Amino acid sequence: MLKLSNLLSAIKPLEIIGPTDKNIVGLSSDSRNVEKEGMFVAVRGVTTDGHKYIPVVASAHVGAIVCETFPASFEQGVTYIRVSNSAEALGHLASAWFGYPSSKLKLVGVTGTNGKTTTATLLYEMARMEGYKAGLLSTVCNYIDSEAVPATHTTPDPISLNSLLARMVDEGCEYAFMEVSSHAAAQHRIAGLKFAGGVFSNLTRDHLDYHGTVENYMNAKKAFFDMLPADAFALVNADDKAGAYMLQNTAARKYTYSLRRDADFRGRIVEQRLDGTLLMLNGHEVEVRFTGKFNAYNLTAVYGASILTGFNQEEVLINMSRLVPVAGRFQTFRSEKGVTAIVDYAHTPDALVNVLDTIREIVGPNGMITTVVGCGGDRDHGKRPMMAHEAASRSNRLFLTSDNPRTEDPQSIIDQMKEGLSPEELRSTLCITDRREAIRAAVHSARPGEVILIAGKGHEPYQEICGVRHHFDDREEVTAALAEL
């Protein structure tokens, strides 16, 4: 319970109608969950507008309503607060409601198209190796020190987010690391948070179904760096052309990392295999259990962010060799017959190129590569033919299959993917709608020494078909298929 007047100090109301000297018992942006004498924040969402529920909420004796436009009539006893942006106000109110937990932690955010999960997770692991209690907010799973909390979104809503951060503080965590999605930045889910640092990985085509243009997508990520305070650090990939753009208006201390040019944190691949890499970090050789240039970038970012966060440099180098890959990120499985399968979350054209180019570098020009891939339904249609073309041009064989078709017809998605293939590429392509059967067919037809990439779903333990989630895990499927050889 908090005084309404205290909550209002966290935002900038444009107009207030009603008393402010009252207690508020709860905070919600969901009209179905508002408590009597609680506060309802009417947010304009993607699928619905909270403003249309104001009359219903007001009649249920709610204590206060925050909105962008006042209703036609006012309910007696309810305090109405008008703001310029309800979503942004919700972030600040949620932070105040939970006692500003982000200011009691060293909170580091990671944004970019690819690499967010790996970078944030490895920073969390690094903090715990250093002996600190730490929290993680990620696509795969949230953690309050060692306690796992299932994740439903890359970045939770402001109330859930601040609730998790408050629990981290209560458990004695000193650090927290989180993925900052473009949706979260655009929807002001991170408003009101105090960050100690921000990391930018890269920017390629993704989420255009939501943002509309690459420019909008890029600006959503830039908004995160624009909000960083002067005492925070901003670490960006100098090899990505969007890196410098992220730093243009930030007040934070600016740092760069790179594999190709001079930077504050310089990485270089000395030698790589399917199960590891010899990496040079600022002149120090480190053997790591990760493969690929994309992972070299992730690890260089982790190295730089760890030092900027305040960890001991010598201990960071030692612990780099102890880090293990994140579930479903270039996760390797081998059969006794010499067939290797790799499960990876690559679900954008650029990510697919990165993974396949890495495999090709290791197996050489004569090595056999088979790719099993699909595209998600109800998402960016434009990348479907691109995904198929990139996979076909870098593989000896291609299996097009379902990903998460959601509410779309799986065969229709595959047909759109096929539009990106040349007649020659089509001859080495097989379409199997059932993902389980596609994985089995790829494994059972493989020859010793062949590498099979199963891309797109990675860590996900489900497949969404006709709007219903069914248990399905690429890692389980490929393990079972390899055992049948």
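Keep in mind it's a predicted model, so treat the numbers as computed, not measured.
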Looking at CG of L122 and CG of L299, how far apart are the two atoms once the value is rounded to the nearest 0.5 Å?
-> 6.0 Å

N/O donor-acceptor pair under 3.5 Å between H470 side chain and E464 backbone | no

Heavy-atom count around R32 CZ within 6.0 Å, excluding the residue itself: above 12?
-> no

Would you check if the side chain of D157 reaches a backbone N or O of S160 as a donor-acceptor pair within less than 3.5 Å?
-> yes

Is there a donor-acceptor pair under 3.5 Å between the side chain of T401 and the backbone N or O of G374?
-> no

For E179 and T117, test the side chains for any donor-to-acceptor distance below 3.5 angstrom and give the result as yes or no.
-> yes

K457 vs D474, salt bridge (charged side-chain N to carboxylate O under 4.0 Å, His left out): CA-CA, chis, key distance, verdict = CA-CA 7 Å; K457 289 176 56 59; D474 282 354; 5.9 Å; no

Check whether any side-chain N or O of N142 sits under 3.5 Å from a backbone N or O of S138 as a donor-acceptor pair, and report yes or no.
-> yes

Apply side chain to side chain contact (heavy atoms under 4.5 Å, CB included) to the pair R394 and E390, showing each step before the final yes or no.
-> CA-CA 6 Å; R394 288 167 168 80; E390 299 295 8; 2.6 Å; yes

Test side chain to side chain donor-acceptor pair (under 3.5 Å) applied to E476 and H471, step by step = CA-CA 10 Å; E476 293 177 4; H471 178 78; 3.0 Å; yes

When you check the side-chain N and O atoms of Q272 and T291, is any donor under 3.5 Å from an acceptor?
-> no

Rounded to the nearest 0.5 Å, what's the gap from CE on M168 to CG on N162? Could you check?
-> 10.5 Å

From the list N298, V326, L323, L279, side-chain contact (heavy atoms from CB on, under 4.5 Å) partner of F290 resolves to L323

Side chain of S335, backbone of V339: donor and acceptor closer than 3.5 Å?
-> yes

Check against salt bridge (charged side-chain N to carboxylate O under 4.0 Å, His left out), E174 and K104 = CA-CA 8 Å; E174 297 180 56; K104 300 169 185 175; over 6 Å; no

With the side chain counted from C-beta on, respond yes when T277 and E271 share a heavy-atom pair under 4.5 Å apart, and no when they do not.
-> no

E484 atom CD, over 12 foreign heavy atoms within 6.0 Å = yes

Indicate yes or no: at least one non-hydrogen side-chain atom of F333 is less than 4.5 angstrom from one of V343.
-> yes

Intermediate values then yes/no, side chain to side chain contact (heavy atoms under 4.5 Å, CB included), R334 and L274 | CA-CA 11 Å; R334 288 188 177 85; L274 282 173; 3.5 Å; yes

Go through the steps for T371 and I369 under the test side chain to side chain contact (heavy atoms under 4.5 Å, CB included), then give the verdict.
-> CA-CA 7 Å; T371 298; I369 300 176; 4.3 Å; yes

Would you find a donor on one side and an acceptor on the other, under 3.5 Å apart, between the side chain of K222 and the backbone of Y245?
-> no

Would you please indicate yes or no on a ring centroid separation below 6.0 angstrom for F224 and F195?
-> yes

Side chains of I342 and I454: closer than 4.5 Å at any heavy-atom pair?
-> no

Establish, from distance only, whether the side-chain atoms of N319 and E130 form a donor-acceptor pair under 3.5 Å.
-> yes

List the atom of I269, the atom of K293, and the distance in Å for their closest heavy-atom pair.
-> CD1-CA, 3.8 Å

Pair E450, T370: side-chain N/O donor-acceptor within cut-off below 3.5 Å = yes

Nearest-0.5 Å distance that lies between atom CG in N202 and atom CG in D240 = 5.5 Å

Is any side-chain heavy atom of S182 less than 4.5 Å from a side-chain heavy atom of T111?
-> no

Can you check salt bridge (charged side-chain N to carboxylate O under 4.0 Å, His left out) on E125 and R322, steps first, answer last?
-> CA-CA 10 Å; E125 296 290 358; R322 298 171 57 200; over 6 Å; no

Is the closest side-chain donor-acceptor distance between Y297 and N114 under 3.5 Å?
-> no

Any side-chain donor-acceptor pair under 3.5 Å between R379 and H347?
-> no

Looking only at side chains, do R397 and S445 share a donor and an acceptor under 3.5 Å apart?
-> yes

Other residues, nucleotides, ligands: >12 heavy atoms within 6.0 Å of R447 CZ = no

Evaluate the side-chain proximity of L308 to D264: yes if any heavy-atom separation is below 4.5 Å, no if none is.
-> no

Do the rings of F330 and F294 sit parallel, tilted or perpendicular, given the 30° and 60° boundaries?
-> tilted

Non-hydrogen side-chain atoms of P325 and Q331 separated by less than 4.5 Å | no

Among side-chain atoms of N237 and S201, is any donor-acceptor pair under 3.5 angstrom?
-> no

Test salt bridge (charged side-chain N to carboxylate O under 4.0 Å, His left out) applied to R440 and E437, step by step = CA-CA 5 Å; R440 289 187 75 250; E437 289 306 313; 3.7 Å; yes

Which residues satisfy the side chain to side chain contact (heavy atoms under 4.5 Å, CB included) test with S28, sequence neighbours excluded?
-> D30, N33, V34

Between E460 and N404, a side-chain donor and acceptor under 3.5 Å = yes

Examine the side chains of T121 and Y143 and answer whether a donor and an acceptor come within less than 3.5 Å of each other.
-> no

Could you state the interatomic distance from CE (M386) to CG (D380), rounded to the nearest 0.5 Å?
-> 8.0 Å

Determine whether V302 and Y257 make a side-chain contact, defined as any pair of heavy atoms from C-beta on separated by less than 4.5 Å.
-> no

Is there a side-chain contact between T332 and D275, using heavy atoms and a 4.5 Å cut-off?
-> no

Proximity of F311 and Y132 rings by center, below 6.0 Å = yes

Using the six-membered ring wherever Trp is involved, compare the ring planes of Y255 and F265 and label them parallel, tilted or perpendicular (cut-offs 30° and 60°).
-> tilted

Under 3.5 Å, side chain of T113 to main-chain N/O of T204, donor-acceptor pair present?
-> yes

When rounded to the nearest 0.5 angstrom, what distance separates CG in L27 from CG in L90?
-> 6.0 Å

Y345 and H459: aromatic ring centres closer than 6.0 Å?
-> yes

Examine distances only and state if a side-chain atom of S95 and a backbone atom of G91 form a donor-acceptor pair shorter than 3.5 Å.
-> no

Side-chain donor-acceptor contact under 3.5 Å, K194 with S102 | no

Backbone N or O of A351 within a donor-acceptor pair of the T348 side chain at under 3.5 Å?
-> yes

Has the side chain of R435 got a donor or acceptor atom that lies under 3.5 Å from a matching backbone atom of S402?
-> yes

What's the spacing between F177 CZ and L136 CG if we round to 0.5 Å?
-> 9.0 Å

Check against side chain to side chain contact (heavy atoms under 4.5 Å, CB included), R406 and I465 | CA-CA 5 Å; R406 298 184 176 91; I465 304 171; over 6 Å; no

